[in-house]
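Comments concern the structure below.
Read the numbers this way: they start at 1 and go in the same order the structure lists the ligands and their atoms. Heavy-atom basis, side chains included; hydrogens, waters and symmetry copies ignored.
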Amino acid sequence: MTVIKDAANRYFLSFVVEIDPVDQPASNPSIGIDLGIKAFATLSTGEKIDGPEYSKLDRKIRRKQRKLARQVKGSQRREKTRLQIAKLHSRISDIRRDFLHKVSTRVVIENQVITLEDLNVSGMVKNRKLARAISLQGWREFRVLVEAKCNKLNREFIVIDRWEPTSRTCSTCGFKWGKIDLSVRSVVCLNCGTEHDRDENAARNIEKVGIGHCHDYKWTQRGSKTTSVASPSEASRIIAL
Ligand SMILES: [Zn+2]
């Protein structure tokens with residue numbers, strides 16, 4: 001057992017346990033999840049899950065940090081402020097962790113196959129805004145949690161390539177409408193006329209590619225070395241077979 005003391009003077013005990021996977025069938029065969037800034041997660045069912053609000057705590061932290069900067073180094077008052085800041089930070093991470101556990105548990109219990117999109121980490125870290133940093137951190141943690149819980153409940157966990165055109169393709173008819181700006185939140189397909197919410201359409205394509213990838217994966221196990229992933233339009237064809 002390891003005892004850990006964190007910056008907010010909290011103590012933790014850390015230890016490892018081994019658990020066997022649980023056999024508990026899911027009610028829904030498969031789901032695709034699009035992770036975003038506006039809504040934390042959009043599911044292929046159309047449901048949007050908002051992340052917790054940290055702006056109040058964030059403001060408090062910034063206020064305390066300005067205070068800290070004015071205080072004499074090594075003074076007791078400064079140490080007190082430092083501790084207050086550390087506690088606010090751990091409050092944020094506690095809220096986030098709680099949220100991520102709840103969402104990941106629910107998604108894994110309900111679905112047999114869970115597909116996420118690989119994160120564009122390098123593109124994201126360029127933006128130094130705290131909100132972005134927090135959501136980026138949240139996505140990583142979410143993915144780790146979902147994967148672990150999939151192992152625990154015998155679910156299939158799939159991550160699709162981030163270059164898949166999930167936001168450029170109609171999830172209804174497979175028509176590729178090309179790149180659309182991030183500010184565009186809804187799209188009407190030129191080919192079939194369906195009106196899509198941007199994130200929901202992406203989530204549905206993620207699910208399609210995920211399922212296609214499953215079939216593809218079984219196929220590649222029979223000796224073929226291809227690592228290519230089915231495109232959303234191909235996915236619908238694969239499912240139909
Ligand atoms: Zn269409």
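Leu83 shares a hydrophobic cluster with no other residue; no ILVMFWY side chain has heavy atoms under 4.5 Å from its own.
Defined by atom type and a distance below 3.5 Å, a donor-acceptor pair is missing between the side-chain atoms of Thr42 and Glu47. Side chains of Ser104 and Lys149: a donor-acceptor N/O pair is present below 3.5 angstrom, by distance only.
In this structure, Arg155 contributes its side chain and Ile109 its backbone to a donor-acceptor pair below 3.5 Å.
Counting only protein N, O or S atoms, the number found under 2.8 Å from the Zn ion (ligand 1) is 4.
Taking the six-membered ring where tryptophan is involved, the planes of Phe40 and Phe142 are perpendicular, since the angle between them exceeds 60° and thus also 30°.
A salt bridge links Asp199 to Arg185: one of the charged nitrogens lies within less than 4.0 Å of a carboxylate oxygen.
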